[in-house]
Amino acid sequence: MKKGSKVVRPRPIQWLARVPGLKKPVLGVYDTWLRFSYRRLWNWHNREAARAFASHPPSLNPVQQRLLADLREKGFAHVSFMELFEDARYWHQLNELVENWLSTDAVKEGERHYREIGYKDAHFKEYLVRWYGREVDGKLIPWDSPWLQLALYPKVLDLANSYFGMYTRMYHVDVWDTIAVKHDGPLIGGQKWHRDPADIKLLKCFLYFTDVDEASGAMQYVPYSRPGEKYGSLWPQDPPFDGARPPGKEFPIYIPPCDWVTASFPKGTLVLADTAAFHRGGRAETRNRVLATWAYSSQASRWPRAFRVDPATVPVGLPDKVRWALSLQGVKVPSRSAA
Ligand SMILES: O=C(O)CCC(=O)C(=O)O
Ligand SMILES: [Fe+2]
């Protein structure tokens, strides 16, 4: 397995790999099998989620249908929050939460530190101040987290599930403040062209709380670069272990800039992208980019969820799609009244 990959192996494999002398052979054989079988067994691993979804297909409104058509066609879509959610109060609530967060000392200190010295020896995603924190932390978040609720909002979740043709698994949620600083250091983290590692089909959402353009680190995306498409076989992922990071110099030779799109949109835009395709973003130079972001994979994904929902806060009687999204199927959760 590639160093640094976060893939979770089954318990028995983990135990066997702890026996002295067995680590290398056990992981070698297991990982070879996983690499061989992941794509081949993807539909099989997702069969129950697909069946459950097919037995209760959501009915999508015209806006959702347009987004779904765009996603299917090119892996990329956008819409204004108001057009999709039709709820000005909800938008103002979220916006106020973000404004309050941005004015906290912790965020201001994070921005100041990166602008003054942090950027000099940054090598991954130090250019972000994050509401919840690094992906690896598996942070415990409460059920009523406004950002979790946004990611589970039926209009968005139904769209994600329709794109996958199954009940999806939500694996990431956060709010990012992308710090603007002009410098000539190397591109780092998500600023370099890459395919995400979490699955062979993905859906990431980005809700803008600032106007976003190239100077504020807008994401760039290559339509038709998902597996199986025109650019899909260039620098493929290594599923389920890793995405891909093509060499920056060669990239524009194989994929000319006229085939890239830039997610420059006003505040209040929701951007949706299948990030198994090539994308990059987050090199802000003049203005910070502030967005909420969350992501869905298939159920087959071996990638760890970046957060945990505090089980004591989860209500009973959740819809199936939410239970699948949070892997709560079959899990008994205590009701609030019983607590
Ligand atoms: O900051 C960006 O626009 C890039 C983000 C990214 O690569 C990702 O969320 O997978
Ligand atoms: Fe990415």
Side-chain angles (χ1 to χ4, degrees), residues 4-6 71 75-78 110-111 114 119 122-136 147 150-151 160 170-181 186-223 225-227 235-246 248 251 260-265 267 269-297 301 303-307:
S5 176
K6 293 188 243 166
L71 284 173
F76 184 85
H78 69 97
E111 292 175 339
Y114 185 74
Y119 73 89
H123 51 87
F124 191 50
K125 289 191 180 165
E126 294 89 342
Y127 51 87
L128 299 175
V129 181
R130 303 185 240 207
W131 185 296
Y132 287 124
R134 298 184 317 148
E135 283 93 341
V136 290
W147 309 112
L150 178 60
M170 195 201 138
Y171 71 96
H172 180 248
V173 60
D174 214 338
V175 179
W176 290 348
D177 170 19
T178 310
I179 308 158
V181 50
L187 297 173
I188 53 174
Q191 298 172 349
K192 293 188 279 196
W193 285 112
H194 65 282
R195 299 180 185 277
D196 283 350
D199 205 345
I200 54 177
K201 183 170 187 144
L202 292 165
L203 187 66
K204 275 198 171 168
C205 301
F206 305 91
L207 175 61
Y208 291 180
F209 289 98
T210 52
D211 291 339
V212 175
D213 59 10
E214 261 182 82
S216 45
M219 182 173 76
Q220 291 186 304
Y221 185 84
V222 180
S225 65
R226 288 169 292 186
W235 301 289
Q237 292 164 303
D238 177 22
F241 298 106
D242 208 353
R245 276 170 293 274
F251 192 83
W260 312 349
V261 295
T262 301
S264 293
F265 299 112
K267 175 173 177 170
T269 305
L270 174 66
V271 174
L272 305 128
D274 184 334
T275 51
F278 289 119
H279 62 287
R280 67 173 177 181
R283 182 71 163 213
E285 299 213 314
T286 54
R287 225 163 358 104
N288 284 20
R289 177 190 65 165
V290 182
L291 48 79
T293 177
W294 62 97
Y296 313 90
S297 72
S301 172
W303 213 245
R305 192 174 262 117
F307 63 91

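Atoms within each ligand, like the ligands themselves, are counted from 1 in listed order.
Annotation: Thr275 places no N or O atom under 3.5 Å from an N or O atom of ligand 1; distance criterion only. At a 3.5 angstrom cut-off on N or O pairs, His194 counts as close to ligand 1. The N/O atoms of Tyr127, backbone and side chain alike, include none that comes under 3.5 Å of an N/O atom in ligand 1.
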Legend entry - side chain to side chain donor-acceptor pair (under 3.5 Å) between Gln191 and Arg283, worked out: CA-CA 6 Å; Gln191 298 172 349; Arg283 182 71 163 213; 3.1 Å; yes
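Within the listing of ligand 1, atoms 8 (C), 9 (O), 10 (O) sit less than 4.0 angstrom from a heavy atom of Lys204. Numbered from 1 in the order shown, with element, the atoms of ligand 1 that lie under 4.0 Å from a heavy atom of His279 read 6 (C), 7 (O), 8 (C), 10 (O). Heavy-atom contacts of Asp196 reach the following atoms of ligand 1: 10 (O) (cutoff under 4.0 Å). For ligand 1 and Phe206, the ligand atoms under 4.0 Å from any heavy atom of the residue are 9 (O). Within the listing of ligand 1, atoms 1 (O), 2 (C), 3 (O) sit less than 4.0 angstrom from a heavy atom of Gly282.
When the N, O or S atoms of His194 are ranked by distance to the Fe ion (ligand 2), NE2 comes first. As for Asp196, its N/O/S atom nearest the Fe ion (ligand 2) is the one called OD1.
Checked by atom type and distance alone, the side chain of Thr293 pairs as donor or acceptor with a backbone atom of Cys205 at under 3.5 Å. In this structure, Arg305 contributes its side chain and Met170 its backbone to a donor-acceptor pair below 3.5 Å.
Trp176 CZ3, 3.8 Å is the protein heavy atom nearest to atom 5 (C) of ligand 1. In terms of protein heavy-atom proximity, atom 1 (O) of ligand 1 is nearest to Arg289 NH2, 2.6 Å.
Note that CZ of Arg226 and CD of Gln237 are 12.0 Å apart. Values are rounded to the nearest 0.5 Å. Note that CZ of Phe265 is 13.5 Å distant from OG1 of Thr210, once rounded to the nearest 0.5 Å. Here Tyr221 contributes atom OH and Phe76 contributes atom CZ; the two are 8.0 Å apart, rounded to the nearest 0.5 Å. Atom OH of Tyr171 and atom NZ of Lys204 lie 4.5 Å apart (nearest 0.5 Å). Expressed to the nearest 0.5 Å, how far CH2 of Trp294 lies from CG of Leu207 amounts to 5.0 Å.
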